[in-house]
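Reviewing the structure listed below.
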Amino acid sequence: MGSDELIAGRYQLLAKLGSGGQGEVWRARDVELNRVVAMKRSSAADREQGQRQTRREAVQGAALTHPNVIMVLTSFTAGADHWVVSEYLESRDLAKVVEQDGTLFPERAARIGEQVAAALVAIHRAGIVHLDVKPANVLVTATGQAKLTDLGIARWAEETDVSGGVLDCTPAYVAPEVANREVGTSAADVFALGATVFAAVEGRSPWGRLDAPPQSMLARAGAGQREPHRQGGPLGKVLDALLHKDPRRRPSAEDAQAMLAEVASGAKLTLRVPPPPPRRRWPVYTALGAVLAVAAAAAVFWPWADSLPEDRLRLLGDPRTVDPCALTEVGALSRFGQAVLDQDYGNFNRCRVLVRMKPDDPADEVSVQVQLQGFPGTNTPTPTATVIAPIHRPAQRGDECERTVHLPDGYRIRIRAEHLRDRPAPLCDMAETLTTGVLQVLTQGQVKRRPTEAPENSLVRLEACTLVTRAELSPLIGAAEADPGFGDWDCEWVRGRREVKVEFDRRPPLAEKKGGRRVDLGAGVEGVVDPDRESCQVVIPHRPMSDSAGRPMLEVVRLHLRDAQPGETLCQPLIELAKAVAGRLPRIS
């Protein structure tokens with residue numbers, strides 16, 4: 001591969017910066033934007049694994065916008081190679097700094113460590129563990145700015161498990177629990193941060209010389225046989241805290257950042273160390289002891305239930321007051337184009353961002369939406385100790401891509417990206433970016449409430465199931481039971497192949513589709529009827545409103561009747577139901 005080759009018709013390779021197990025890194029020029037970038041190419045030695053890692057790095061790094069994290073700009077496949085394009089920083093990595101300049105004074109090492117800790121705070125809040133923090137992955141500029149790079153082996157927190165497989169890490173900086181093939185958590189990143197700072201001031205790993213055989217380092221790491229620090233000075237107590245053998249005794253990334261900042265500035269150090277966990281007491285096997293043993297077994301089956309604060313188990317709080325837009329990170333999507341929050345569209349359980357891919361083409365627009373959903377029933381994945389159960393990430397289907405986040409209380413958050421004109425777009429990258437933002441919000445506790453109170457006559461104050469009676473439903477679906485949706489803003493009745501649904505919506509002023517018609521629903525209300533092949537829909541207009549951009553909108557009630565019959569035959573009974581519903585809506589003055 002020549003240094004003057006043009007990749008994907010856009011990127012000119014200038015010079016190879018390095019290579020390793022995951023591939024090659026090049027300095028390149030983006031000829032379209034006339035800027036220098038860094039490009040990582042998946043390893044030819046293990047192309048399949050290398051492509052998985054570079055793709056994962058692209059997806060996870062894309063949503064991390066932080067001054068101490070190298071920003072991922074895009075990714076693409078060219079031929080058999082997968083490339084990740086990121087910002088280029090004129091710098092040396094910390095390993096080269098120590099190699100070329102010698103070990104660092106404790107204060108300088110603390111300043112660099114403080115910035116790496118800040119990067120880890122952002123990464124952990126995004127629900128990710130890095131798993132490969134080391135001097136070679138810390139870039140340092142001539143002015144002392146430090147940025148963490150390389151998310152190639154990072155995992156989403158709820159997926160991070162190195163047990164039983166190949167240990168994919170750097171032995172010199174590995175935490176004892178990871179060396180013993182236990183789950184790698186944020187505490188492992190804190191240990192690696194401490195090991196990185198240790199190497200900066202000592203010139204060696206906590207597990208011995210940097211040129212020691214990897215298996216020797218792993219053996220020492222697994223046994224917790226750490227080298228003492230000799231040149232740490234004011235850093236000594238901080239290093240002892242970060243490098244504690246027990247992951248439960250290590251500080252969080254936030255506390256590590258605070259302690260390193262105090263050392264860097266010469267301020268008085270306040271140690272922020274978690275207390276020792278309480279000793280386990282074995283139960284006395286009396287009759288009472290047997291009862292306690294049963295209770296303990298239940299607690300083990302749901303390990304997260306008693307160990308997390310209530311607000312972490314009820315992250316959405318009251319469904320009717322939670323603000324779905326508080327989960328929507330607009331800025332993270334701006335790298336794909338012009339991103340604008342649209343908080344007045346759809347049902348009240350939704351919020352979306354409209355991303356215009358090309359500023360001069362309003363038709364090239366993607367909707368990236370967050371939707372809060374109710375209890376999914378028996379198929380709910382078991383929540384994990386990371387609060388959030390495994391995220392469902394299906395492959396892209398046609399013109400949309402979805403992600404689903406399952407919460408401990410059974411609620412779900414669905415993220416969906418779709419192009420409004422069915423044009424090509426990186427939909428899964430966009431859905432993943434918004435998912436990362438959702439995870440970051442969830443790690444901070446209960447989601448914020450809606451900022452303003454709804455008008456008295458708004459549908460948000462109603463419950464969809466109460467708008468129809470059993471007698472009115474009986475001719476349509478018999479004695480089916482109501483199934484309310486999130487916030488009671490939609491309701492569904494299902495019996496066999498027939499389905500009736502009432503849901504609230506916010507949309508532009510009504511216009512009938514081809515084949516549709518307007519219908520008088522009484523009391524001066526004119527609705528729109530839209531028959532389909534096996535369904536009919538009646539839309540009832542309610543409250544005029546304006547969206548945040550001042551455009552006219554309507555609150556409406558949608559009624560659906562679906563069955564294996566021609567839609568037109570379903571419309572007449574649905575219109576009668578719509579007349580009853582329209583008569584129950586609050587009056588608009």
Side-chain angles (χ1 to χ4, degrees), residues 124-127 156-158 252 254 302-330 332 341-353 368-377 379-392 402-416 434-456 458-466 482-492 503-506 548 555:
H124 294 166
R125 284 178 178 172
W156 298 102
E158 76 282 356
S252 65
E254 290 94 334
W302 296 104
W304 47 273
D306 296 323
S307 60
L308 296 169
E310 179 67 18
D311 66 340
R312 301 296 297 279
L313 299 177
R314 300 289 180 265
L315 292 170
L316 298 184
D318 179 4
R320 293 176 67 83
T321 62
V322 65
D323 183 8
C325 290
L327 291 160
T328 309
E329 179 54 56
V330 181
L341 183 67
D342 184 10
Q343 54 191 344
D344 301 308
Y345 171 82
N347 206 329
F348 302 107
N349 63 334
R350 302 182 186 186
C351 187
R352 72 174 180 176
V353 179
V368 192
Q369 177 179 264
V370 167
Q371 180 182 12
L372 308 179
Q373 297 182 329
F375 297 96
N379 293 325
T380 308
T382 302
T384 68
T386 59
V387 181
I388 301 159
I391 297 170
H392 184 50
E402 292 186 1
R403 299 289 183 262
T404 303
V405 179
H406 296 267
L407 302 182
D409 55 10
Y411 286 120
R412 296 168 292 165
I413 303 173
R414 191 177 84 165
I415 298 95
R416 184 176 69 176
L434 197 58
T435 301
T436 299
V438 167
L439 294 174
Q440 183 170 349
V441 173
L442 293 175
T443 60
Q444 299 171 15
Q446 194 173 89
V447 181
K448 293 180 180 178
R449 305 297 93 189
R450 295 178 186 271
T452 57
E453 191 171 354
E456 287 292 333
S458 172
L459 293 176
V460 75
R461 294 177 175 270
L462 303 184
E463 297 178 8
C465 293
T466 65
D483 183 11
F486 189 91
D488 295 316
W489 294 313
D490 66 82
C491 194
E492 190 174 54
E503 63 178 334
F504 302 152
D505 195 8
R506 292 166 295 177
S548 54
E555 286 186 6

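- The nearest pair of heavy atoms linking Val438 to Leu327 is CG2-O, 3.4 Å.
- A donor-acceptor contact shorter than 3.5 Å is absent between the side chain of Trp489 and the backbone of Ala464.
- For the pair Arg352 and Asp342, the salt-bridge criterion is met [side-chain N within less than 4.0 Å of a carboxylate O].
- The shortest distance between side-chain heavy atoms of Pro324 and Arg450 falls below 4.5 Å.
- Asp488 pairs by the salt bridge (charged side-chain N to carboxylate O under 4.0 Å, His left out) definition with nothing, not counting sequence neighbours.
- Between the side chain of Glu402 and the backbone N or O of Arg416, no donor-acceptor pair lies under 3.5 Å.
- In terms of modelled atom types and a separation under 3.5 Å, the side chain of Thr466 and the main chain of Glu463 share a donor-acceptor contact.
- Side chains of Val447 and Asp323 form no contact here, defined as non-hydrogen atoms less than 4.5 Å apart.
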Exercise. Carefully, step by step, assess Cys351 and Leu341 under the rule side-chain contact (heavy atoms from CB on, under 4.5 Å).
Key: CA-CA 8 Å; Cys351 187; Leu341 183 67; 3.5 Å; yes

Quiz item: Please walk me through it: do Phe486 and Val322 pass side-chain contact (heavy atoms from CB on, under 4.5 Å)?
Solution: CA-CA 11 Å; Phe486 189 91; Val322 65; 4.0 Å; yes

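- Note that Arg506 lies outside the cation-pi zone of Tyr345, set by a 6.0 Å cut-off to the ring centre and a 45° limit from the axis.
- Taken to the nearest 0.5 Å, the CG atom of Asn349 stands 7.5 Å off from the CD atom of Gln373.
- In terms of heavy atoms, Lys448 sits closest to Ala326 at CB-CB, 4.0 Å.
- For Asp490, the side chain to side chain contact (heavy atoms under 4.5 Å, CB included) criterion is met by Asn347, Lys501, Glu503, not counting sequence neighbours.
- For Arg461, the side chain to side chain donor-acceptor pair (under 3.5 Å) partners are Glu453, not counting sequence neighbours.
- With hydrogens and angles left out, the side-chain atoms of Thr321 and Arg449 include a donor and acceptor closer than 3.5 Å.
- Taking 4.5 Å as the limit, some side-chain heavy atom of Glu254 sits within range of a side-chain heavy atom of Arg125.
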Exercise. Could you walk me through whether Thr404 and Ile415 pass side-chain contact (heavy atoms from CB on, under 4.5 Å), step by step?
Key: CA-CA 6 Å; Thr404 303; Ile415 298 95; over 6 Å; no

Practice problem: With side-chain contact (heavy atoms from CB on, under 4.5 Å) as the test, would you mind laying out the steps for His392 and Arg414 before giving the verdict? | Solution: CA-CA 9 Å; His392 184 50; Arg414 191 177 84 165; over 6 Å; no

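- In terms of modelled atom types and a separation under 3.5 Å, the side chain of Arg320 and the main chain of Gly487 share a donor-acceptor contact.
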